[in-house]
Structure formats: C-alpha cells, structure tokens
Amino acid sequence: MTLAQHMGYMIGYIILLGMAVGFTANFISLEDKFLVKLDHVEDSVVANRVVRCFSDEKEFGVINTAKLNDETLERCLGDKYLLNIKLTRTEGEDIRIETGTLGQARVVNRYVVADGKAAKLEVGYSLK
Amino acid sequence: MMSNEITDLIVAYALLFLVIIIAAVGFGPLDKKSFENDIKFSDDERLFLLNYLKTDVGDKKIADMIAFNENGDANSLKDLQGASRNILRFYGFNGRDYVLRVQYPNGDVKFLTASREGDLPSPEPRVDNRFRELEKYKTELGNGEKIRIPSMNSGLIIVELEVEDE
C-alpha cells in the first residue's frame, strides 16, 4: 500500500481542509466598527434635556409655555452651556430665551406640541 | 531506494505544495476587512412621530384621524394628508427629504405626504421603471422610524417616517 494509491482521497481531504480553513479565516477577518460621533451625542442630550425641561409632566414634547423662562432653563441645564432657545409656533408668537451670546454654536431642532398645535423648538448652544 | 518509495516521495512533495497553495488562499483574506457604521441618533424622528400623533388639527388629534381613516372614505384621507403636509412643511427636517406613510392592520399602506410630492406618481398610467419605483415608495413601508398605535378594529396601525440621512 503506497501513498500514491490514495492520491485521490488525499487531494479530496486537502481541498476540504483548505475550504474549511478558508471559511474560518474569512469569518474571523471580518470586523464591524460602530462609530459614535460625540457631537451627535451631545446634540441629542442637550436637545432632549431642553425638551424635557419645558415639557408637561409625563408628556415628553408637549411644551408648557408657562415654563419657558431663564430660571427653569438654568435649573434644568446648570451653567455648563450658553443657550439660545426659540419656540416657533404655527399659532401665536415665537418665544425666545437667551442665556448669553453664543460662541461656536450648534443648533438642533425638535418638533414639539405647544397649546396642542405644531411647534418647533430650536436649541442653539455653546460651551461657556 | 525502491521505485514505490520514489513515487511516494514525489506525491508527498506534490501534496505538500497543494497544502501550501490552499492554506495561502485560505489565509489570504486575513487582512482585516472592517465595515464602518455610523451610529445614528434618530431621536429627532422618534420625537417627531410621537408629537405628530399628539398634534391637534381642528377638533381632532392626528392619531384619531389616522385611526378613524382605517374605515374612512377618500375625503378623510385627504384631510389627513393635508394636515400632515402642513405639519411636515412647517417642521421641514432641515431641508432633508422625507416620506410619511401609514400601514393598517390589513396590510393596506396609505401615503400621507413627502418632501417632493411633485415627484410622486400621477394618476395617469405609466409603465417605466421610475414609475414602478415611485409606486413602491408610495405603497410599501421602508426602513424609517416607526410608531404603532392601536387600531379601532384589532391589531396595530404603523406610522412610518423615512428621512434622508444628513
């Protein structure tokens, strides 16, 4: 019995082994990278905190216009940011709150409801 | 050396060569292939959907209009489409394209509004690929943000907002 007599089996075995190794190598070489942009996270956090701050109790996004003032804003967000908030309403006048002159400002919009009607909350902020 | 042994030696070298080739091909892709995915914060769209449903139009909320429209006529759908168009034009999504659709529990999809309604299919029959593509865009749900509200019959109504990436 010689090796040459089993040549066919050997080649078949090596090809199968090679395919298995190939699949494994291919599988472990794939990598998913998930990129989180910190600017986007900050936009999201600041905008959502402002919305939460002015919203009715347990009604996230339903703005209580009586809460729209500097004091409430400072209580909710502290003094880390300078903020420029504008509530644009489909009915009624716009409301603005400014806590200072913004430097390199980022502006984020959120759709909210004020007095039952469509409104847009524009949150401009920059670090103090 | 016997002739069998010489043949075996040649075969062994041939097999060794084959193993090296296959292993080289197998391990070739070991250079890391990485796929980069940006994590998207779609809380803007989620909050829009939540508050869109709570918005009053006349004496009704949008959520009620959507629910009543399940068994409604063409006029109730028109009112809903008009109200949705006004709300979305007001909000605007910073100039990004959008489409808003609703799917009822029976699978029926109603188009509510989009940023470029002029591009949507006209009632005249057209058979080009672009028309088919737009028809699909109008009558099938996509991969946008979804919110579910209870149906008046049974099951859930899905409201979907698809907004173009920034």
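Protein chains get the first letters and strands the later ones, always in sequence-line order, with residue 1 at the start of each. No experiment lies behind these values; they were computed from the predicted model shown.
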Atom group of A/T24 that falls short of 4.5 Å from chain B, counting heavy atoms: neither
Joint cluster assignment, B/V163 & B/I62, ILVMFWY side-chain distance < 4.5 Å: yes
Heavy-atom pairs under 4.5 Å with chain A, option from B/N51, B/T7, B/D44 with the top count: B/N51
Same apolar cluster: B/M152 and B/I158, side chain cutoff 4.5 Å: no
Heavy-atom contact with chain B under 4.5 Å, split by part of A/V108: neither
Exceeds 12 heavy-atom contacts within 6.0 angstrom, atom NZ of A/K128: yes
A/V107 reachable from A/V112 in the ILVMFWY side-chain graph, under 4.5 Å edges: no
Residue selection (most heavy-atom pairs with chain A, distance under 4.5 Å) from B/L50, B/L47, B/V57, B/I87: B/L47
Same cluster (ILVMFWY, side-chain, under 4.5 Å), A/V113 and A/V51: no
Heavy-atom proximity to chain A below 4.5 Å, by part of B/N94: side chain
Whether A/Y111 and B/F90 hold their rings parallel, tilted or perpendicular, with breakpoints at 30° and 60°: perpendicular
Single-linkage hydrophobic cluster A/I63~A/L77, side-chain heavy atoms < 4.5 angstrom: yes
Minimum-distance pair of heavy atoms, taken over all atoms of A/K117 and B/T55: C-CG2, 4.2 Å
Beyond-backbone contact of B/F41 with A/D43, side-chain heavy atoms, under 4.5 angstrom: no
